[in-house]
Amino acid sequence: MSATSANILRGILPRDIAACERRADIEHPSLFLQELALVRNAVASRRREFATTRWCAHRVLDELGEVRCPLLSDDRGAPTWPAGIVGSLTHCTGFRAAAAARSTTWRAIGIDAETDGPLPDGVLRLVANPTEMQELRRLTRYDSSVHWDHIMFSCKEAIYKAWYSMAGTWLDFVDVEVSLSACGSFAANLTDPMSGYDIDVPAGFSGRWSVGHGVIATATAVPHNADARQSTLSPAPRPGWRPS
Ligand SMILES: CC(C)(COP(=O)(O)OP(=O)(O)OC[C@H]1O[C@@H](n2cnc3c(N)ncnc32)[C@H](O)[C@@H]1OP(=O)(O)O)[C@@H](O)C(=O)NCCC(=O)NCCS
């Protein structure tokens, strides 16, 4: 699904999730000292992407009526949102974004952005299983102008971010099987149903994807009631849809 609006993330997130995105870096955004300390020794481009993405996160906290606070990183790099808030951050060339919601309304959020284009050589075989490869071939026959491989990769990164915020553990690309719909949605299941069994994490995820202005964006949001998953991210995938 192609994004016509410049605000790509808003179009793929449920309405009650606050989102902020920027196509260009903010000149001298005001950050907390603790945040600046995280990138003190980083190269300038990393400091810029970090600062603008944190700036987006602060706007999202404003939108939720939260007091701004330093958004630090845990030991695996995940952002530490204030108590009562779940969210996710992403950045790629020319794009920085944050999304968050109250933890009373959503259990976890994962967003991801990638520069639109094919996946680099050799990556797909690490990311997709034979079923997914077959699905990607069908989708490519349906519309060869779309970089389905990169969209699938991005879906898995968004899922990982949501997963990690619930489970706090690693999840490999092969641990999740993604099914993409050409209408801009995706569904995914853990390949081993016992994964995460003891940590009360849903076995399935759903979300939406969009491509526009040179960016692939994907988003997943996990409701507290996993049964509500399909109905919360509208429009829902068309049941049984498969490209010919
Ligand atoms: C962590 C990871 C998903 C980040 O994705 P990316 O495309 O490299 O980078 P993005 O710009 O989209 O996202 C970076 C942001 O993700 C967030 N992040 C990093 N680690 C995270 C984690 N474990 N959980 C949640 N969010 C995380 C951070 O906010 C980071 O930005 P910051 O360092 O400026 O704070 C990726 O590097 C990775 O390790 N992937 C392998 C695991 C995976 O995707 N498995 C697939 C399972 S189906």
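Count residues from 1 along the sequence. Counting starts at 1 for both ligands and their atoms, in listed order.
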Give the residue and atom name of whichever protein heavy atom lies nearest to [atom], and the separation in Å to one decimal.
{"atom": "atom 1 (C) of ligand 1", "answer": "Tyr160 CE2, 3.9 Å"}
{"atom": "atom 35 (O) of ligand 1", "answer": "Arg54 NH1, 2.6 Å"}
{"atom": "atom 29 (O) of ligand 1", "answer": "Pro79 CD, 3.3 Å"}
{"atom": "atom 42 (C) of ligand 1", "answer": "Trp170 CH2, 3.3 Å"}
{"atom": "atom 19 (C) of ligand 1", "answer": "Gly77 O, 3.1 Å"}
{"atom": "atom 15 (C) of ligand 1", "answer": "Leu89 O, 3.6 Å"}
{"atom": "atom 5 (O) of ligand 1", "answer": "Glu157 OE1, 3.4 Å"}
{"atom": "atom 31 (O) of ligand 1", "answer": "His91 NE2, 3.2 Å"}

Kindly say whether [Y] contributes a backbone atom to a donor-acceptor pair with the side chain of [X] at under 3.5 angstrom?
{"X": "Arg54", "Y": "Leu71", "value": "yes"}
{"X": "Arg68", "Y": "Leu61", "value": "no"}
{"X": "Arg107", "Y": "Ser103", "value": "no"}
{"X": "Trp148", "Y": "Leu139", "value": "yes"}
{"X": "Ser154", "Y": "His150", "value": "no"}

4.0 Å heavy-atom contact, Asp112 with ligand 1 = yes

Among the heavy atoms of Ser165, does any lie under 4.0 Å from an atom of ligand 1?
-> no

Using a strict cut-off of less than 4.0 Å between a Lys/Arg side-chain nitrogen and an Asp/Glu carboxylate oxygen, indicate whether Arg10 and Glu21 qualify as a salt bridge.
-> no

Which atoms of ligand 1 sit under 4.0 Å from any heavy atom of [X]?
{"X": "Arg46", "value": "32 (P), 33 (O), 34 (O)"}
{"X": "Glu114", "value": "7 (O)"}
{"X": "Val176", "value": "48 (S)"}

Parallel, tilted or perpendicular: which fits the ring planes of His58 and Phe32, with parallel below 30° and perpendicular above 60°?
-> perpendicular

Report the part of Glu177 in contact with ligand 1, treating N, CA, C, O as backbone and CB onward as side chain, heavy atoms under 4.0 Å; options are side chain, backbone, both, neither.
-> neither

At a non-hydrogen distance cut-off of under 4.0 Å, which region of Asp172 contacts ligand 1 (side chain, backbone, both, or neither)?
-> backbone

Would you check if Arg23 and Ile8 make a side-chain contact, meaning some heavy-atom pair closer than 4.5 Å?
->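 In short, these two side chains touch, coming nearer than 4.5 Å.
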
Does the ring center of Phe95 lie less than 6.0 Å from the ring center of His213?
->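 Not under 6.0 Å, so no.
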
Centroid separation Phe153 to Phe173 less than 6.0 Å = yes

Ile159 and Val176: which non-hydrogen atoms are nearest, and at how many Å?
-> CD1-CG1, 4.1 Å

Under 3.5 Å: N/O of [X] near N/O of ligand 1:
{"X": "Ile159", "answer": "no"}
{"X": "Tyr164", "answer": "no"}
{"X": "Thr90", "answer": "yes"}

Among Lys161, Glu49, Glu35, which residue places a heavy atom closest to atom 26 (N) of ligand 1?
-> Lys161

Kindly determine whether Leu36 and Phe50 satisfy side-chain contact (heavy atoms from CB on, under 4.5 Å), including the steps that lead there.
-> CA-CA 9 Å; Leu36 292 170; Phe50 175 91; 5.9 Å; no

